[in-house]
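Residue numbering restarts at 1 for every chain, and letters A, B, ... go by the order of the sequence lines. Computed from heavy atoms alone, side chains included, the values below leave out hydrogens, waters and symmetry copies. Since we're looking at a predicted model, the values are computed, not measured.
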2 protein chains.
Amino acid sequence: MNQLKEALETLKETGVRITPQRHAILEYLINSMSHPTADEIYKALEGKFPNMSVATVYNNLRVFREVGLVKELTYGDASSRFDFVTSHHYHVICQDCGKIVDFHYPGLDEVEQLATHVTGFKVSNHRMEIYGSCPECTAKEEKKEVQH
Amino acid sequence: MNQLKEALETLKETGVRITPQRHAILEYLINSMSHPTADEIYKALEGKFPNMSVATVYNNLRVFREVGLVKELTYGDASSRFDFVTSHHYHVICQDCGKIVDFHYPGLDEVEQLATHVTGFKVSNHRMEIYGSCPECTAKEEKKEVQH
DNA sequence: TTATTACTTTATAATTGTTATAATTAGTTT
DNA sequence: AAACTAATTATAACAATTATAAAGTAATAA
């Protein structure tokens, strides 16, 4: 149940030192139900750590990613978003407002297997995202249509 | 058969002017069996168009994307790669050398439908990529193992 | 304890992919 | 041809991220 405790345990096991900053970043990632950017994390912890550098946030997010605690979701020019890894899930992303909603679905093992077979790759993982318009944005769009 | 001709036809239909630069970029995208970055395209066409600006490449790739001729694959900080849209296919990406291989697979309509149902989003499309190690890199890796 | 070493954070500079801007050129429409 | 619109160029700006060097902190060894 206590994800933070488990995460800290993982850090210990992998020999990653648990600094106050790391603790805080992890805690924030777990509690935040959103998928924050590095900058959002940085700003959120400004109160607690007035001297913390942005680089620290980036460094530690990378550390967490390498240990497998955190997933990085990249979007070209825009900021990456970071997601504390819990169970296997995908993301549904609103193309209008950028909102990200978790979407639980069994892993696409079949696809991985076929890809292995067809390409000869040693497949390790995959990424899937679903794009569309969230209910709120869809509603707004329809309102506009009516006014025309 | 002639993809370039079809693409130019699409441009005409959508009222996008066919400039020499656009023609060349499209041609390069279609003939290149790789998935070039904007910069690669820029460099490849330097000979033909010594005065062409990088901005032109970016602008036109955006135009092509908006018309649906081209797909943009974003990777966080790293350069986007651009893929001329042919039939529906996915990509298998080597995490060691970055090679991208096309992978034909029926669209994941089922997943989109479920996402629509569960999240209330108006789903328009999805993105899937498979990551792993290509045969060449796997071989290299195994060679290393033996030497240890 | 003290000395040594390795890790971490901080502050800042540098890098890089991409976009915005303004001026120029080319194409279209009247 | 004149007026208008779109496209290209050259350059500057921007924003996300990373590299670097200095300073701080913790772990280990003597």
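Residue A:N60 places at least one side-chain N or O under 4.0 Å from the OP1 or OP2 atom of C:dT9. For the pair B:T19 and C:dG27, the criterion of a side-chain N or O lying under 4.0 Å from OP1 or OP2 is not met. Between B:S53 and D:dT8 there is no side-chain N or O to OP1 or OP2 distance below 4.0 Å. Taking side-chain N and O atoms only, B:R17 has no distance below 4.0 Å to OP1 or OP2 of D:dT8. The side chain of A:S80 places an N or O atom within less than 4.0 Å of a non-bridging phosphate oxygen (OP1 or OP2) of D:dT17. The phosphate of C:dT18 has OP1 or OP2 within less than 4.0 Å of a side-chain N or O from B:Y58.
Distance A:M52 CE to C:dT12 C1': 17 Å, rounded to the nearest Å. Across the protein-nucleic acid pair, A:N59 atom CG and C:dT10 atom P stand 10 Å apart, rounded to whole Å. Between the CG atom of B:L61 and the C1' atom of D:dT8 there is a distance of 15 Å, given to the nearest Å.
Side-chain atoms of A:Q95 and B:S124 form a donor-acceptor pair, as typed in the model, at a separation below 3.5 Å.
Side chains of A:H23 and A:L26 form no contact here, defined as non-hydrogen atoms less than 4.5 Å apart.
B:L73 and B:V92 are members of different hydrophobic clusters when ILVMFWY side chains are connected at heavy-atom separations under 4.5 Å.
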